[in-house]
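This report refers to the structure that appears directly beneath it.
Note: hydrogens, waters and symmetry copies are ignored here, and every other heavy atom, side chains too, is used. Below, chain A is the first sequence line, B the second, and so on; all start at residue 1.
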Amino acid sequence: MITLKLPDGSVKEVAPGTTARQVAETIGKRLAQAAVAAKVDGEVIDLARELPPGEHTFQVLTEKDPDALDVLRHSCAHVMARAVLRLFPGTQLAFGPTIENGFYYDIDSPTPIREDDFPRIEAEMQKIVALAEPFERFERPTAEARGLCADLRQTLKVEHIDDLARDHPDGLSFYRQGEFIDLCRGPHLPHAGRIGAFKLLSIAGAYWKNDASRKQLQRLYGTAFFSHKDLDAYLHQLEEAKKRDHRLLGKQLKLFTISTMVGSGLILWMPKGAIVRGVLESFIKDELLKRGYQPVYTPHIGRLELYRTSGHFPYYRDAQFPPMYTRPAAGALDLCQYRLSLGELDDKRETEFLQYAKTAYFVPPDYERAATQAEKLEYLHRYTLKMLETMQVDLPAYRAATDAKGRAEALLQWLADQEGFLLKPMNCPHHIHIYKAEPRSYRDLPVRLAEFGTVYRYEQTGELNGMTRVRGFTQDDAHLFMTADQVEAELKSNIELVLFIFTTLGLSDYRVRIGLRDPASSKYVGDPADWDRAEKTLIDVVKNLGMNYSAEAGEAAFYGPKIDFVVRDCIGREWQLGTVQLDYNLPKRFDLEYIGPDNAPHRPIMIHRAPFGSLERFMGILIEHFAGAFPAWLAPEQVRLVTVSEKFTAYGRQVEGELRAHGFRVQGDYRPEKIGFKIREAQLEKVPYMLVIGEKEQSAGTVAVRSRSEGDLGAVPVAEFVARLAREVRERRLGR
RNA sequence: GCCGCCUUAGCUCAGCCGGUAGAGCGGCGCUUUCGUAAAGCGCAGGUCCAGGGUUCGAGUCCCUGAGGCGGCUCCA
């Protein structure tokens with residue numbers, strides 16, 4: 001017998017071989033009709049599946065259950081794939097999972113699919129849904145499954161089976177629906193007729209198995225619901241969310257702009273945006289001073305040697321603006337050094353090298369693109385020799401070296417003596433040298449150096465996004481230098497600082513991610529023992545604070561693990577804001593020390609932290625968070641005075657002066673327009689308060705207050721309005 | 001960087017099968033002196049992203065490049 005525990009606590013015994021649907025029928029006919037799938041021991045299964053022997057929890061899923069929506073969407077992905085196969089014969093299927101608000105299917109079709117094709121595909125899907133054919137599960141031994149996929153000419157599926165044969169030696173499942181058969185774990189709807197409403201949303205490129213070196217496929221995104229009403233509600237919600245987009249609001253509200261001439265990913269803060277940023281900066285600066293931080297300033301560039309020492313230059317070469325050598329040819333040799341140190345020339349870098357070589361008139365005449373890696377490196381070597389010769393630089397160590405690695409090292413020796421600078425990609429090396437500028441005692445620790453430090457990173461063009469992913473940004477950065485037994489308290493205090501900032505701004509929808517190193521990757525520097533210690537400390541601190549978190553391998557910085565605060569933008573993309581990073585490595589690389597109570601030198605430990613992340617990204621997220629309607633303490637313009645007619649201009653100016661004298665950001669609108677028009681403008685500019693001034697106010701010495709969100713609040717004496725607003729600003733009230 | 005799409009007035013956008021460019025808002029001028037989300041009339045404003053090609057003729061078709069959007073990959 002099979003024993004099932006139902007959600008209401010009752011227990012049901014059924015015979016072996018009973019299907020989930022049969023159980024639903026014994027519970028109730030209506031329930032069986034409403035059933036979409038079943039949940040056994042937390043796992044969602046088809047209604048047609050026979051229940052496994054033993055004791056289980058059992059639940060029938062109906063349309064109301066969120067898990068049921070996933071099942072529906074997964075089935076809809078199959079329907080879409082089936083429609084695509086009909087319309088685009090020869091299409092290869094990859095993966096078709098559900099995602100948070102819908103589903104996608106990765107495909108490789110002989111003729112690329114375009115958004116114009118969506119209506120045809122949707123019409124074909126509609127036909128399939130109308131037939132209401134069942135989804136039938138069947139299983140095959142792995143070898144046979146491979147054969148079936150091969151017969152279906154689904155080469156990607158065959159490749160996938162080869163990859164996962166190890167993990168599934170005892171067979172794989174398929175689902176058949178009409179002529180369509182797909183390798184799939186399931187579960188699925190009983191039949192396609194249950195798909196109430198669906199829509200294809202977009203199309204994008206995606207790499208096979210998420211690997212950029214593999215083939216790029218087309219990813220078709222769609223969504224589906226049980227009812228048209230739900231679909232319409234979702235589409236409406238999408239439209240509304242788009243109106244909060246910081247790129248749109250930034251333009252409308254004149255907060256920031258990006259100019260092609262200045263460069264992609266470089267934010268120009270317009271006066272209104274600059275006000276908000278300034279208020280945020282003083283907010284955090286005051287907080288830091290209270291917490292024992294010391295503000296510092298450092299320049300925007302630093303010597304290459306500095307970043308060779310820190311590791312930033314060699315490790316993130318491709319993500320930086322090119323180095324600036326005072327001797328131009330050194331730049332070319334630097335490029336050679338880098339390629340030689342990598343020991344390979346991939347297609348992209350080979351093209352770059354050829355272009356570079358051409359401009360220097362050093363193209364090897366017999367250069368063949370099809371050369372092997374070894375031949376390519378040989379050309380690179382000959383090019384380097386030619387450069388050195390022309391520059392009349394004699395490098396015996398280079399000549400003596402026999403392989404690319406040796407040559408790279410010899411070149412680096414020479415480059416290290418060349419004067420070269422880098423736009424700073426991080427502030428830490430500069431701050432480290434402030435730490436190093438004086439001898440430190442254990443009594444001085446922790447030393448907390450803070451700066452709104454602007455850094456530059458050459459992000460790939462496809463990554464740039466409004467204010468959230470840029471090439472020049474300012475971190476509210478600080479570096480803390482401390483002893484081992486101060487680490488925990490400092491970490492804790494920094495996490496609390498981030499939380500304080502988030503609370504003040506009403507950012508409540510975030511998640512905490514602990515970034516650990518990926519054991520399989522070689523990008524991390526330092527002693528594994530230090531890493532283990534650092535990772536354990538971070539996890540302990542977060543646990544002790546009772547926070548929810550997810551620990552994710554591969555999300556660490558190259559020098560240490562970190563705690564990130566991740567938020568979502570208006571269309572659901574995640575961005576890292578606040579970050580706290582623990583670092584045992586840079587102190588070693590820069591040979592930092594302090595004198596301990598034992599009168600001997602010790603190595604300090606560093607924390608890197610930026611509660612906002614970057615002011616640019618934070619501002620972008622904040623614009624979306626408030627939908628452009630900043631609370632009074634942050635608003636670029638706090639008060640707009642609107643006069644009923646030009647007769648009241650004088651009184652208006654008097655009130656304006658009074659408010660300005662109290663430090664408020666106020667602007668008077670004295671144009672001979674109707675006040676309805678002036679109010680509309682102020683409302684659209686999202687000014688928190690409008691003060692209407694006419695005959696009554698002038699004679700009574702009052703102002704008629706109108707709130708952006710609550711409308712007419714009635715007249716009050718000017719002094720009273722001043723007191724109210726001052727309090728609202730002081731308390732950093734969020735309003736709504 | 002990769003795949004797909006987009007780029008027309010300051011902004012939002014129309015512009016058919018290739019025949020020489022339009023609207024609304026905004027701006028400016030005049031009139032209106034007005035009570036809580038748009039007063040009326042008039043005027044100005046365009047290298048149709050850039051470069052090349054096809055064509056008698058290109059905003060429209062083709063190629064290359066730049067910038068943007070959505071993904072993917074990346075993100076110290």
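- Pair assignment for rU7(B) gives rA66(B), based on Watson-Crick or G-U wobble hydrogen-bonding distances that are each under 3.5 Å.
- Judged by distance alone, the side chains of Thr643(A) and Lys678(A) do bring a donor and an acceptor atom under 3.5 Å apart.
- Per the geometry, OH belonging to Tyr104(A) stands 18 Å off P belonging to rG70(B), to the nearest Å.
- Put simply, CD1 on Ile679(A) is 9 Å from P on rA38(B), counting in whole angstrom units.
- When heavy atoms are screened at a 4.0 angstrom cut-off, Gly676(A) is found touching the sugar-phosphate backbone but no base atom.
- Following rounding to the nearest Å, Phe648(A) (CZ) and rU36(B) (P) show an atom-to-atom distance of 14 Å.
- Atom OH of Tyr559(A) and atom C1' of rA76(B) are 5 Å apart (whole Å).
- Asp583(A) and His608(A) are linked by a side-chain donor-acceptor pair at a separation below 3.5 angstrom, with hydrogens and angles left out of the test.
- Regarding the sugar-base torsion, rC17(B) falls in the syn class, its angle being within 90° of 0.
- Distances shorter than 4.0 Å separate none of the side-chain N or O atoms of Arg680(A) from OP1 or OP2 on rG26(B).
- OP1 or OP2 of rG71(B) sits under 4.0 Å from a side-chain N or O of Arg573(A).
- Within the 4.0 angstrom heavy-atom criterion, only backbone atoms of the sugar-phosphate kind lie near Asn465(A); the bases stay farther away.
- The phosphate of rG1(B) (OP1 or OP2) has a side-chain N or O of Thr461(A) nearer than 4.0 angstrom.
- Within the 4.0 angstrom heavy-atom criterion, base atoms lie near Arg469(A).
- Between the side chain of Arg114(A) and the base of rC5(B), no donor-acceptor pair under 3.5 Å is found.
- Nucleotide rC28(B) forms a Watson-Crick or G-U wobble pair with rG42(B), both donor-acceptor distances falling under 3.5 Å.
- Rounded to an integer number of Å, the gap from CG of Leu713(A) to P of rU36(B) is 15 Å.
- Nearest nucleotide to the Glu673(A) side chain, out of rA39(B), rU12(B), rA76(B): rA39(B).
- Among the nucleotides rG71(B), rU32(B), rG35(B), the one closest to any side-chain atom of Tyr221(A) is rG71(B).
- Taking the C1' atoms as reference points, rG51(B) lies 15 Å from rA58(B), given to the whole Å.
- Straight-line distance between the P atoms of rG26(B) and rC69(B): roughly 27 Å, to the nearest whole Å.
- A donor and an acceptor atom sit less than 3.5 Å apart, one in the side chain of Glu463(A) and one in the base of rU73(B).
- Base engagement by Tyr316(A) is indicated by at least one non-hydrogen atom pair under 4.0 Å involving a base atom.
- Here the P atom of nucleotide rU36(B) and the CE atom of Met690(A) are 13 Å apart, to the nearest Å.
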Met467(A) vs Trp269(A), side-chain contact (heavy atoms from CB on, under 4.5 Å): CA-CA, chis, key distance, verdict
CA-CA 10 Å; Met467(A) 294 186 111; Trp269(A) 294 74; 3.9 Å; yes

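- For rG71(B), the base has no donor-acceptor partner in the side chain of Tyr207(A) [N/O atoms by modelled type, under 3.5 angstrom].
- With rounding to whole Å, Leu248(A) atom CG is found 16 Å from rG70(B) atom C1'.
- For the pair Arg457(A) and Ala206(A), nearest-nucleotide mapping onto RNA chain B gives the more 5' position to Ala206(A).
- Nearest to the side-chain atoms of Ile571(A) among the listed nucleotides rU33(B), rG67(B), rG71(B) stands rG71(B).
- Phosphate contact (OP1/OP2 of rA66(B), side-chain N/O of Ser264(A), threshold under 4.0 Å): absent.
- Base engagement by Ala204(A) is indicated by at least one non-hydrogen atom pair under 4.0 Å involving a base atom.
- Among the heavy atoms of the strands lying under 4.0 Å from Lys523(A) are primed sugar atoms or P, OP1, OP2 only; no base atom is included.
- Between Lys251(A) and rU12(B) there is a side-chain N or O to OP1 or OP2 distance below 4.0 Å.
- Nucleic acid contact for Gln460(A): base, since at least one base atom lies under 4.0 Å from a heavy atom of the residue.
- Contact annotation: Arg708(A) does not reach the phosphate of rA37(B) (side-chain N/O to OP1 or OP2, under 4.0 Å).
- Among the heavy atoms of the strands lying under 4.0 Å from Asn210(A) are primed sugar atoms or P, OP1, OP2 only; no base atom is included.
- Considering only the side chain of Val692(A), rG35(B) comes nearest among rA76(B), rC11(B), rG35(B).
- Between Tyr456(A) and Val705(A), it is Val705(A) whose nearest contact on RNA chain B lies nearer the 5' terminus.
- Neither side chain, Lys215(A) nor Gln92(A), offers a donor N or O lying under 3.5 Å from an acceptor on the other.
- Under the Watson-Crick or G-U wobble criterion, with both distances below 3.5 Å, rU12(B) is paired with rA23(B).
- In this structure, Glu681(A) reaches neither bases nor backbone, as no heavy-atom distance under 4.0 Å exists between it and the strands shown.
- Across all strands shown, Lys562(A) has heavy atoms under 4.0 Å from sugar-phosphate atoms exclusively, and none from any base.
- Counting non-hydrogen atoms under 4.0 angstrom, Ala682(A) reaches nothing in the nucleic acid.
- For Asn427(A), no side-chain nitrogen or oxygen approaches OP1 or OP2 of rA76(B) to under 4.0 Å.
- Atom P of rC17(B) sits at a distance of 14 Å from the matching atom of rU60(B), rounded to the whole Å.
- Inter-residue side-chain proximity for His300(A) and Phe421(A) is flagged as unmet; no heavy-atom pair is nearer than 4.5 Å.
- No contact: Lys678(A) has no heavy atom under 4.0 Å from any strand.
- In terms of polar N and O atoms assigned as donor or acceptor, the side chain of Glu697(A) comes within less than 3.5 Å of the base of rG35(B) in a complementary pairing.
- Partner of Thr298(A) under the side chain to side chain donor-acceptor pair (under 3.5 Å) criterion, out of His433(A), Glu451(A), His430(A): Glu451(A) alone.
- In this structure rG59(B) sits in no base pair that meets the Watson-Crick or G-U test at under 3.5 Å.
- Summarising the base pairing, rU36(B) is matched to no nucleotide, lacking a Watson-Crick or G-U wobble pair whose two defining distances lie under 3.5 Å.
- Gln320(A) comes within contact range of at least one nucleobase, with a heavy-atom separation under 4.0 Å.
- For Lys674(A) and rG40(B), the NZ to C1' distance is 10 Å, given to the nearest whole Å.
- Between Asp334(A) and Arg308(A) a salt bridge is recorded (basic side-chain N to carboxylate O distance below 4.0 Å).
- For rA38(B) and rU54(B), the C1' atoms lie 49 Å apart once the distance is rounded to whole Å.
- Arg706(A) comes within 4.0 angstrom of a base, heavy atoms only.
- Residues Glu574(A) and Arg511(A) are paired through a salt bridge, judged by an N-O separation under 4.0 Å between the basic side chain and the carboxylate.
- Taking a pair to require two hydrogen-bonding distances under 3.5 Å in either a Watson-Crick or a G-U wobble arrangement, rC74(B) remains unpaired.
- Closest heavy-atom contact between Leu200(A) and Glu122(A): N-OE2, 2.8 Å.
- Between Glu239(A) and Lys243(A) no salt bridge is recorded (no basic side-chain N to carboxylate O distance below 4.0 Å).
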